[in-house]
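Data first, discussion second: the structure below is written as structure tokens.
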Amino acid sequence: MPFPHKDLLGIGQLSKDDILTILDATESFKEISTRPIKKVPTLRGRTIVNLFFEPSTRTRTSFEIAGKRLSADVINVTGSTSSVTKGESLLDTAYNLEAMNPDILVVRHSASGVPHMLAQKINCSVINAGDGAHEHPTQALLDLATIREHKENFDGLKVAIVGDITHSRVARSNILAMKTLGMTVTVVGPPTLIPVGMESLGVRVSHNLEEAIADADVIMMLRIQEERHNQTSFPSLREYSILFGLTAEKLKKAKEDVIILHPGPVNRGVEISPDVIESGHCLILNQVNNGVAVRMTLMYLLLGGADENPN
Amino acid sequence: MLHEFQVDPRLQEAPLKILIKGGRLIDPANGVDGPHDLLVDKGKIKQVSRPGQIAEPQLEGAKIIDATGLIVSPGFLDMHVHFREPGHEYKETIATGCLSAVAGGFTGVAVMPNTNPVNDNRSVTELILAQSKANGGTHVYPIPAISRGLKGEQLTDMAELAEAGAIGFSDDGRPVTSNELMRRALEYSRMFDLPVIQHSEVLDLTAGGCMNEGPISTELGLKGMPTEAEDIMVYRDIALLPKTGGRLHVAHISSAGAVDLVRQAKAKGLSVTCEVAPHHFILTDESVRGFDTNTKMSPPLRANRDVEAVKEGMKDGTIDIIATDHAPHAELDKQVEYSCAAFGIVGLETALPLSMEMVAEKIITLPSMIDMLTARPAKLFKLDKGNLAEGKDADITIFDPSAEYKIDITRFKSKSKNSPFDGRQVKGKIRYTIVKGKILFSEN
């Protein structure tokens, strides 16, 4: 099935069929990374630029490995948002990069909407690698790929997303994707970390972790950012951890086959305790592993390779 | 030269003798609405008569404007514009702002003080007036700052500024946060009977915000600016009125709560008035989807319930006037990350057709729309304008209420093109703008 998009700016643009197409293809791309020679010639001669305006190790590396396993040339560019005329330099940077004819621009930026703005201004494909508190579509897709490996159907699954929903692009992309696939989502956190109008996204809101995870099939823990704790959002990391940290004790209330996801990096002992991380429920490294395959898939699909055999 | 006092040649010409005939004259100040001919001579309204009743000898040498099918109105007044001069001439100058004004049918505009340097002293006020006189055409009325440097700490020399030509005081762009200073401003300004114009925003509730707080900001991951930030400040300012006895004018009202507060205060007989900008009765925060930075303004585009409340306020008279908050910004201020983009849009050249949408929706009548653009602002700001009685200045706007077209930002006379209305299908087009008997804009 052809993939009808030039860019991947958010889950919001994808239909259920689009998502399933990506997840189906991801399964075959995943196999490539298990080979001794982890490289196929699919995107040979193509250029992919990783333009990251925010620090990132995991996501940037994942995109880089994905591109290289498809034989594309991958260049990492670290953008600066520190200059006074940041906007101007942002567009200028994009125009300059475009003049070198890349095929895909992978963009991460702390401001919501930046990939959308760039996609309107430049011709190459744009992949959103995280924009502000808006979307992080490849993260949601790799989360879905991970869920699919452990659950038979998406339809009817119950998910609890726990933590700083206000500042989380991971939560937003996952909510959009999960709703599209027929899953039931509850967001969990103190009222100060759940933005107004959250229910309009079709989710349930809870302020009680134990109650919310009781019937969950999937628990997604979000990173609590320490820098927020100087603001008014919550009194202390200690109190946050007591109320919303996932411990083995609280996990006893959950289903036996519950799976636990976390987009990383993890604050061990804050939002999630070490014994939970070590438990068989926790799939953090599976997520990372699927991340490469999902990103290979998207590069392939966006560059119109859908009719060929990827291998 | 930084400040070129280029003189618009049209301003040097003697005012024409003009006969405007066949139009529907709507002059709310005098309760006139009907077919009338109007004779202008020596920059003044010479005669207003039933069609064809102006005596032949009077018409000797007059330019004839056939206004059949058109509305003849007092010149529009916009009591809230930003002309960026001095300091940010790359966005707009007084000259280009005045061209934009007449293209939008405005014969008088009040300019906010957030220039660089700030209009917080007599010399800047005088510079603005001199520049306006040299090449403005449109009447330009300075609104100097309430506080020195817009810092919110110390009052400006209001008496001196009033003498130099201030028609009100405002720290617009910023609120007066200090309760004490706002109290003093309302008290002190009583000596000149000038309004204190507040940009109502509690800053610690909006810090870092760039759109209305609500489901859309949650969806887009943009930091929200809650309506409470507006409501709370309007409440505080109204609370200060009974004892201070000042005149409060709430700029660009946008929230349902604020409209309600003003309505209640008026019912109690307090001296409060307010204005609305067209974008706040036309657009909702839904427009922010897509991250077009031309949808970013302060106060932000609100939710539908607020827009409905604003319309109700226009209908029942709670909202006194329409003012555009004309805020020109260059591309480099707007073609940036949504969260970094400058607040505001240009408004002068879209005000008529957007206001006409309220007439089409039967929120207000055509005469009351004209009232909100002419007689009422003149009354609030004590200007001898917005009135087509014989002997008054010939500031006249003639427009076609039924002309349909698409808004085209490339045709704007303003130096800046930052408008979310590009391509919008609208009705209502300015045909002539006459200032003191001089035709400064015409398009047929």
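In what follows, chains are A, B, ... by sequence order, proteins preceding strands, each numbered from 1.
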Does K151(B) have more than 12 heavy atoms from other residues, nucleotides or ligands lying within 6.0 Å of its NZ? no

Gap between atom CG of L201(A) and atom CD of E219(B) - 0.5 Å precision: 6.0 Å

Does atom NZ (K413(B)) have a neighbourhood of more than 12 heavy atoms from anything else shown, all under 6.0 Å? no

Please say whether more than 12 non-hydrogen atoms of neighbouring residues, nucleotides or ligands are located less than 6.0 Å from CZ in R305(B). no

Working to the nearest 0.5 Å, report the span between CG of L220(B) and CD of E135(A). 9.5 Å

Heavy-atom distances under 4.5 Å only: say whether R169(A) touches chain B with side chain, backbone, both or neither. neither

How are the rings of H116(A) and F291(B) set relative to one another: parallel (under 30°), tilted (30 to 60°) or perpendicular (over 60°)? tilted

One should read off an interatomic distance between E337(B) CD and D131(A) CG, to the nearest 0.5 angstrom, of 11.5 Å

Check whether more than 12 heavy atoms from other residues, nucleotides or ligands sit under 6.0 Å from atom OH of Y235(B), and answer yes or no. no

What's the separation between atom OG in S112(A) and atom NZ in K223(B), rounded to the nearest 0.5 Å? 12.5 Å

Max heavy-atom pair count under 4.5 Å with chain B, selected residue of E199(A), H134(A), M198(A): H134(A)

Counting only non-hydrogen atoms closer than 4.5 Å, does Q120(A) touch chain B with its backbone (N, CA, C, O), its side chain (CB onward), both, or neither? side chain

If you count every heavy atom of other residues, nucleotides or ligands that lies below 6.0 Å from E239(A) atom CD, does the total exceed 12? no

How would you list, in number order, the residues of residues 198-218 of chain B that have a heavy atom less than 4.5 Å from chain A? E213(B), G214(B), P215(B), T218(B)

To the nearest 0.5 Å, how far apart are CG in D92(A) and CD in Q335(B)? 11.0 Å

